[in-house]
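Chain naming here is simple, since letters A, B, ... match the order of the sequence lines and numbering starts at 1 in each.
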Number of protein chains: 2
Amino acid sequence: MSLHSRIRADIERRILSGEWKPGDRIPFEHELVVEYGCSRMTVNKALSALAAAGLINRRRRTGSFVAQQHVDMAALAIPDIREEIETRGGTYSIELLSRKVGLSNGGQLQVSPVPGRPAILGLSCRHLSDGMPFAVEYREINLVQVPEAEEVDFAVTPPGSWLLVNVPWTEAENRISARAAGGDCRKLGLQPDAACLVLERRTWRSGAPITFVRQIFPAQGFSLVARFIGMSAQPD
Amino acid sequence: MSLHSRIRADIERRILSGEWKPGDRIPFEHELVVEYGCSRMTVNKALSALAAAGLINRRRRTGSFVAQQHVDMAALAIPDIREEIETRGGTYSIELLSRKVGLSNGGQLQVSPVPGRPAILGLSCRHLSDGMPFAVEYREINLVQVPEAEEVDFAVTPPGSWLLVNVPWTEAENRISARAAGGDCRKLGLQPDAACLVLERRTWRSGAPITFVRQIFPAQGFSLVARFIGMSAQPD
DNA sequence: TAGTGGTCTAGACCACCAC
DNA sequence: TGGTGGTCTAGACCACTAG
């Protein structure tokens with residue numbers, strides 16, 4: 001284990017154990033240089049990593065301080081449905097239920113239309129695992145940003161998988177909720193009052209919206225897992 | 001803007017724009033040193049940050065390569081229920097429905113019991129916003145790791161809020177799913193077939209389990225939001 | 001074996017900011 | 001104005017690994 005990793009782990013331990021409490025100032029860099037018998041660059045690397053992880057705050061002239069508390073954030077893996085099904089050992093297939101190219105802007109996506117060019121591609125499809133309904137999906141794609149999407153056959157390629165590979169995004173927002181199947185019950189093979197998990201997702205590339213999607217999963221047998229790995233478990 | 005930040009942003013731009021595609025080798029450190037006219041440490045800092053963010057993979061002897069694709073991870077904020085309610089402008093209150101100290105180990109939590117000492121504190125409580133049911137919660141706390149929890153009055157202090165402040169954790173796993181209210185319907189003021197969002201959560205401190213909790217929210221008016229901020233938006 | 005990334009050093013200059 | 005963190009340099013040694 002490298003020296004800066006050990007220094008970082010050591011300081012982290014003192015914070016997590018409560019030896020250094022939120023608001024406490026930790027030793028100056030030059031003091032840690034003496035304590036660990038290394039150069040300032042090495043101490044700086046350890047402290048910069050702790051600051052990036054949010055465990056300490058650093059201020060010029062005054063020093064470094066233990067941050068107030070863990071922000072309770074977790075890394076949530078948003079599944080690609082085809083991968084999800086195949087990982088479970090199922091055979092994936094997709095049904096394109098509807099496809100519509102819109103010139104106007106009446107959907108979820110905020111698109112500034114370009115005269116004479118299509119603005120939004122609206123899709124509705126159903127994902128199946130071994131022929132059984134797994135999820136239904138409503139999607140809008142910004143054709144101004146992603147014109148090539150109009151030529152893709154989404155009866156073969158799942159739109160989410162195609163976008164994942166072909167259109168890098170820089171920002172995304174996911175909203176997770178629950179509701180009864182309602183009007184989608186027949187598509188999912190459920191009763192209208194069956195509970196479903198709903199995942200809504202918006203992505204942007206450099207501020208421009210790329211896609212909006214709402215995916216509806218039967219509650220039975222589907223869940224999202226978010227895992228937070230503390231700093232001590234991070235690779236070095 | 002610092003030099004290593006500009007180098008990092010520049011390489012990031014070339015990757016996101018598609019100029020450098022997944023699998024491509026990016027220039028060696030010593031080549032970037034020439035290109036940017038700086039020292040190797042500076043280039044190394046930029047590339048290390050890109051590797052930590054998952055945008056490139058680095059291998060000794062062979063170089064650095066553009067990673068295959070964005071891993072679709074999102075930062076999910078797990079809400080503290082009291083804060084969540086108060087943020088919405090509601091008045092928070094809690095009802096402790098049951099409390100049980102267990103010597104054995106029959107629950108969700110894997111605790112190695114210590115003879116003569118209690119192992120698990122089991123709690124059931126209801127969270128209310130302006131007197132209306134907001135969520136029900138089943139929780140287990142590891143009393144071997146957190147003995148002081150036995151003395152806390154959880155009819156006053158919500159267990160989640162107490163733990164957040166008093167017991168730092170290093171690892172957490174959250175599982176999000178949906179189901180019908182079922183047996184919890186009366187506690188939530190719902191019909192048995194009403195859809196609910198279920199958040200299950202486990203935390204550890206240095207490998208030792210701290211708590212397990214299952215929170216059940218009425219689907220109506222509750223959702224979790226996870227936001228991913230691309231690297232270009234990260235502070236330097 | 002040669003070339004890469006991983007790490008560390010000893011020193012330097014600068015921006016910032018409490019005093 | 002002095003001391004802090006932010007950054008950068010020029011060089012070094014090492015571990016790892018493809019050829």
Between [atom2] of [N] and [atom1] of [X], the distance in whole Å:
{"X": "R58(A)", "N": "dT7(D)", "atom1": "CZ", "atom2": "C1'", "value": "12 Å"}
{"X": "F65(B)", "N": "dT17(D)", "atom1": "CZ", "atom2": "C1'", "value": "12 Å"}
{"X": "N57(B)", "N": "dG5(C)", "atom1": "CG", "atom2": "P", "value": "13 Å"}
{"X": "R8(B)", "N": "dG6(D)", "atom1": "CZ", "atom2": "P", "value": "16 Å"}
{"X": "N44(B)", "N": "dT7(D)", "atom1": "CG", "atom2": "C1'", "value": "14 Å"}

By side-chain hydrogen bond (donor to acceptor under 3.5 Å, both in side chains), R6(B) pairs with (sequence neighbours left out) none
Are OP1 or OP2 of dG6(C) and a side-chain N or O of S2(A) less than 4.0 angstrom apart?
no
Can you find a side chain N or O atom of S64(A) that sits less than 4.0 Å from OP1 or OP2 on dT4(D)?
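For dT4(D), neither OP1 nor OP2 has a side-chain N or O of S64(A) closer than 4.0 Å.
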Going by the rule side chain to side chain contact (heavy atoms under 4.5 Å, CB included), which residues pair with A52(B) if we only count those two or more places apart in sequence or in a different chain?
none
Test of understanding: with side chain to side chain contact (heavy atoms under 4.5 Å, CB included), list the residues that count as partners of V213(B), not counting sequence neighbours.
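Expected list: E137(B), R139(B), R201(B), Q215(B).
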Closest-nucleotide 5' rank along DNA chain C - winner of L47(B) and S39(A):
L47(B)
When every nucleotide of nucleotides 11-19 of chain C is labelled 5' to 3' by its protein contacts under 4.0 Å (heavy atoms), B for base, S for sugar-phosphate only, - for none, what sequence of letters results?
BB--BSBB-
Residues touching DNA chain C, which here means a heavy atom under 4.0 Å, drawn from residues 26-35 of chain B
F28(B), E29(B), H30(B)
With a 3.5 Å cut-off and sequence neighbours excluded, list the donor-acceptor pairs that the side chains of residues 156-163 of chain B form with protein atoms.
unit_1  : atom_1 : unit_2 : atom_2 : d
S161(B) : OG     : D80(B) : OD1    : 2.9
S161(B) : OG     : D80(B) : OD2    : 3.1

Who are the salt bridge (charged side-chain N to carboxylate O under 4.0 Å, His left out) partners of [X], not counting sequence neighbours?
{"X": "R117(A)", "answer": "none"}
{"X": "R61(B)", "answer": "none"}
{"X": "R25(A)", "answer": "none"}
{"X": "R60(B)", "answer": "none"}

Hey, are the side chains of L55(B) and I11(B) touching, using non-hydrogen atoms and a 4.5 Å cut-off?
no
If the test is ring pair (Phe, Tyr, Trp, His ring centres under 6.0 Å), which one of F134(B), Y92(B), F154(B) qualifies with H127(B)?
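When F134(B), Y92(B), F154(B) are each tested with H127(B), the ring pair (Phe, Tyr, Trp, His ring centres under 6.0 Å) holds only for Y92(B).
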Which dot-bracket notation, 5' to 3', represents the base pairing of DNA chain C when pairs are defined as Watson-Crick or G-U with both distances under 3.5 Å, crossing pairs as [ ], and inter-strand pairs as |?
||||||||||||||||||.
Side-chain donor-acceptor contacts of residues 38-47 of chain B below 3.5 Å, not counting sequence neighbours, with atom names and distances?
unit_1 : atom_1 : unit_2 : atom_2 : d
S39(B) : OG     : T42(B) : OG1    : 3.3
R40(B) : NE     : E29(B) : OE1    : 2.6
R40(B) : NH2    : E29(B) : OE1    : 3.3
N44(B) : OD1    : S48(B) : OG     : 3.2
N44(B) : ND2    : E29(B) : OE2    : 3.0

